[in-house]
Amino acid sequence: MNFIEELYYGNINPNEKKPNRNTQLSKAMELFSKNENELVVKLSKDDKKLFNDMVNASDEISACTSVENFKIGFILGVRMMVDCFKDDAQSPLRDL
C-alpha cells in the first residue's frame, strides 16, 4: 500500500504521537490536569456540570481546529508538490 492508502485505512494516525515529558505541551497538560482536579473538588454539583460542559466545548473546538489545520497543511503540501512539477520555461533551473 502507498502512503495515501495507509492514511485512508487508518494505519497512519498522526494523533497517536505522545509528547515527551519535558516538552511545553506535556508541562501544560500536567498543569491543566492538576488544576482541574483541585478545582473539581471545590465546586458544587451544578458548578461541576457547568465546568465539565465548558471543558467539553473547549475540547470540541480544539478537535475542529485540529482537523481544519490538518486539511490546510495537506492542501499546502499538495500545492507545493504541484508547483515543483510545473514546467516553467523561464526558470534558470529548467534543465535540472
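What's counted below: heavy atoms across the whole structure, side chains too, no hydrogens, waters or symmetry copies. Just so it is clear, the model here is predicted, and its values are computed rather than measured.
One N or O on the side chain of Asn56 and one on the backbone of Asn52 form a donor-acceptor pair closer than 3.5 Å. Ser62 contributes a side-chain N or O that, together with a main-chain N or O of Ser58, makes up a donor-acceptor pair within less than 3.5 Å.
Note on Met54 and Phe32: same hydrophobic cluster, where clusters join Ile, Leu, Val, Met, Phe, Trp and Tyr whose side-chain heavy atoms are under 4.5 Å apart, directly or indirectly. Cluster membership check: Leu25 does not share its hydrophobic cluster with Leu31, using side-chain heavy-atom separations under 4.5 Å among Ile, Leu, Val, Met, Phe, Trp and Tyr. Connection of Val55 to Leu39 is established within a shared hydrophobic cluster, with ILVMFWY side chains joined at heavy-atom distances below 4.5 Å, either directly or through further cluster members.
Nearest heavy-atom pair across Asn37 and Val41 is O-CG2, 3.3 Å. Minimum interatomic distance between Lys48 and Val40 (heavy atoms only, all atoms of both residues): CE-O, 2.8 Å.
Applying the salt bridge (Lys or Arg N to Asp or Glu O under 4.0 Å) rule to pairs touching residues 52-61 yields Lys49-Asp53, sequence neighbours excluded. Residue pairs satisfying the salt bridge (Lys or Arg N to Asp or Glu O under 4.0 Å) criterion with at least one member in residues 67-78, sequence neighbours excluded, are listed as follows: Glu68-Lys71.
More than 12 heavy atoms of other residues, nucleotides or ligands lie within 6.0 Å of CZ in Phe51, so this atom counts as buried by the packing criterion. Atom CD of Gln24 has 12 or fewer neighbouring heavy atoms from other residues, nucleotides or ligands inside a 6.0 Å radius.
Between Glu30 and Lys34 no salt bridge is recorded (no basic side-chain N to carboxylate O distance below 4.0 Å).
The CE atom of Met29 sits 8.5 Å away from atom OG1 of Thr23, with the distance rounded to the nearest 0.5 Å. Note that NZ of Lys42 is 13.5 Å distant from CG of Asp47, once rounded to the nearest 0.5 Å. Residue Phe70 holds its CZ atom at 10.0 Å from CD1 of Ile75, rounded to the nearest 0.5 Å.
Put simply, the side chain of Arg79 does not reach to within 4.5 Å of the side chain of Asp83, judged on heavy atoms.
In this structure, a donor-acceptor pair under 3.5 Å is absent between the side chains of Ser66 and Asn69.
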